[in-house]
Each structure stands twice: as C-alpha cells, then as structure tokens.
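First the structure, in the form of structure tokens, and then the observations on it.
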Amino acid sequence: MRAPTRFEQRVYEAVKKIPRGRVTTYKLLAVCVGCRSAQAVGQALRRNPFAPRVPCHRVIASDLGIGGFAGHSTGREIRRKKALLAREGVHFRNGKLADESALWPLY
DNA sequence: TGGTTGACAGTCC
DNA sequence: CGGACTGCCAACC
C-alpha cells in the first residue's frame, strides 16, 4: 500500500470538502490543489487509498461527463457512480450532468 | 536518473 | 461533429 503523498492528500482533502449533492471536475480540483494537470488528480483518485472516505464519485470530467469510476471508464461501475450521485440529488442526462448548477466551485 | 503511464483537457484536422 | 494528437503533472518501475 503506497503512502499517500502530500499531493494526493491534498486532492483527497479537497474531495472530502465537497458537500453532499455537489460535484466538481478534475480540472477544478487540479487548480484547487495548486496543480495545472487534471491527470494528476485522476491518478490520485484512481489510487484512492481512502476508498469510501473520499467521495470520488463526486468528481466528474470537465465536460460534465461522468468520467471514470473505480478504475473503469465504462460499464457497471459508471452506472453505480451515476446512481450514487442521483441519490444525492445530482442527476445525469445521457451520461452528462443534467444540472450544471450542481457544480461546486471549490471555495 | 530516465522513461512510461494515466478515472484528463484542449486543440487540430 | 467526431476522431486523433499533444500537453500537462505526479506517481511508478
């Protein structure tokens, strides 16, 4: 088990700050943690050593797409991610975020 | 120390 | 409008 680096911890911390019913994008997270690369954020979440502790399902692509989940870009995991978000009041339309106002600016 | 990878993003054709 | 390429930053081997 890899020791979470400061960068990863920063990402997880930011994700944990996301309130229920809100979502954010990889890019926003990247900028929030002081990184200009969304890929680094995606990798940190993909590792996700803090599994259920970090609501990684609240992180979507900048295109408002569902992005990926649990290491999968498509498939049942994605459907689960959508279901989790729907349960929080965030609904998806055709794989895309239905309500853009649900985006969290990550103050 | 150097090269490859990745749950992305933006641009080009 | 859709597919392909490059850029990006950090982690891993």
Side-chain angles (χ1 to χ4, degrees):
Chain A
M1 176 156 175
R2 294 164 292 309
T5 64
R6 285 175 300 193
F7 175 78
E8 288 181 323
Q9 263 214 3
R10 207 170 178 73
V11 175
Y12 306 140
E13 196 175 352
V15 174
K16 285 194 293 189
K17 285 180 194 167
I18 302 175
R20 184 174 166 283
R22 296 279 184 214
V23 292
T24 190
T25 68
Y26 293 101
K27 188 67 181 291
L28 283 173
L29 261 175
V31 175
C32 185
V33 301
C35 178
R36 306 193 300 275
S37 177
Q39 277 199 311
V41 175
Q43 272 192 78
L45 291 177
R46 169 183 166 309
R47 307 241 132 222
N48 197 2
F50 298 94
R53 279 177 274 178
V54 176
C56 40
H57 61 275
R58 291 185 189 145
V59 185
I60 63 177
S62 69
D63 193 23
L64 302 185
I66 196 78
F69 185 58
H72 298 275
S73 308
T74 52
R76 183 164 36 77
E77 301 302 326
I78 296 300
R79 196 170 69 157
R80 187 183 317 188
K81 181 173 179 178
K82 283 164 44 170
L84 283 168
L85 291 173
R87 193 166 63 170
E88 296 187 355
V90 182
H91 300 280
F92 276 78
R93 180 73 103 196
N94 195 1
K96 293 292 177 82
L97 185 65
D99 188 359
E100 189 177 328
S101 62
L103 277 175
W104 193 49
L106 282 163
Y107 284 113

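Just so we're on the same page: letters track the sequence lines, and every chain starts at 1. Since this is a predicted model, take the numbers as computed values, not measurements.
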Worksheet item: So, A:Asp63 side chain and A:Gly65 main chain: donor-acceptor pair closer than 3.5 Å or not?
Response: no
Fill in: Rounded distance (Å) that lies between atom C1' of B:dA7 and atom CD1 of A:Ile66
11 Å
Worksheet item: What is the distance from CZ of A:Phe7 to C1' of C:dA10, rounded to the nearest Å?
Response: 6 Å
Item to complete: Round to a whole Å and report the spacing from CZ of A:Arg47 to C1' of C:dA11.
Response: 7 Å
Worksheet, complete the sentence: Tightest non-hydrogen contact, residues A:Lys17 and A:Trp104, listed as O-CH2, 3.3 Å
Worksheet entry | Closest non-hydrogen atom pair, A:Cys35 against A:Ala40 | SG-CB, 4.2 Å
Might you list the N or O atoms of the protein lying below 3.5 Å from N or O atoms in nucleotides 11-13 of chain B, with each pair's distance?
none

Discussion item. Applying side-chain contact (heavy atoms from CB on, under 4.5 Å) to A:Leu85 and A:His57, what does each step give before you reach the verdict?
Written reply: CA-CA 7 Å; A:Leu85 291 173; A:His57 61 275; 3.7 Å; yes
Worksheet entry | Residues A:Arg10, A:Glu13: salt bridge by 4.0 Å N-O rule | no
Worksheet item: If you take all heavy atoms of A:Glu77 and A:Phe69, which pair is closest and at what distance?
Response: O-CD2, 3.2 Å
Fill in: Contacting residues from residues 85-96 of chain A, given that a heavy atom lies under 4.0 angstrom of DNA chain B
none
Check: protein-nucleotides 8-10 of chain B nitrogen or oxygen pairs below 3.5 Å:
unit_1 : atom_1 : unit_2  : atom_2 : d
B:dC8  : N3     : A:Gln39 : NE2    : 3.1
B:dC8  : N4     : A:Gln39 : NE2    : 2.9
B:dA9  : OP1    : A:Ser62 : N      : 2.4
B:dA9  : OP1    : A:Ser62 : OG     : 2.8

Item to complete: State, with a plain yes or no, whether a side-chain heavy atom of A:Leu64 is found less than 4.5 Å away from one of A:Leu103.
Response: yes
Worksheet entry | Rounded interatomic separation in angstrom, taking OH from A:Tyr12 and P from B:dA7 | 13 Å
Item to complete: Hey, could you give me the NZ/CD1 distance between A:Lys81 and A:Ile66, rounded to the nearest 0.5 Å?
Response: 5.0 Å
Fill in: Minimum heavy-atom distance A:Ala14-A:Leu29, with the two atoms named
CB-CD2, 3.5 Å
Worksheet item: Is any side-chain heavy atom of A:Leu45 closer than 4.5 Å to a side-chain heavy atom of A:Tyr26?
Response: yes
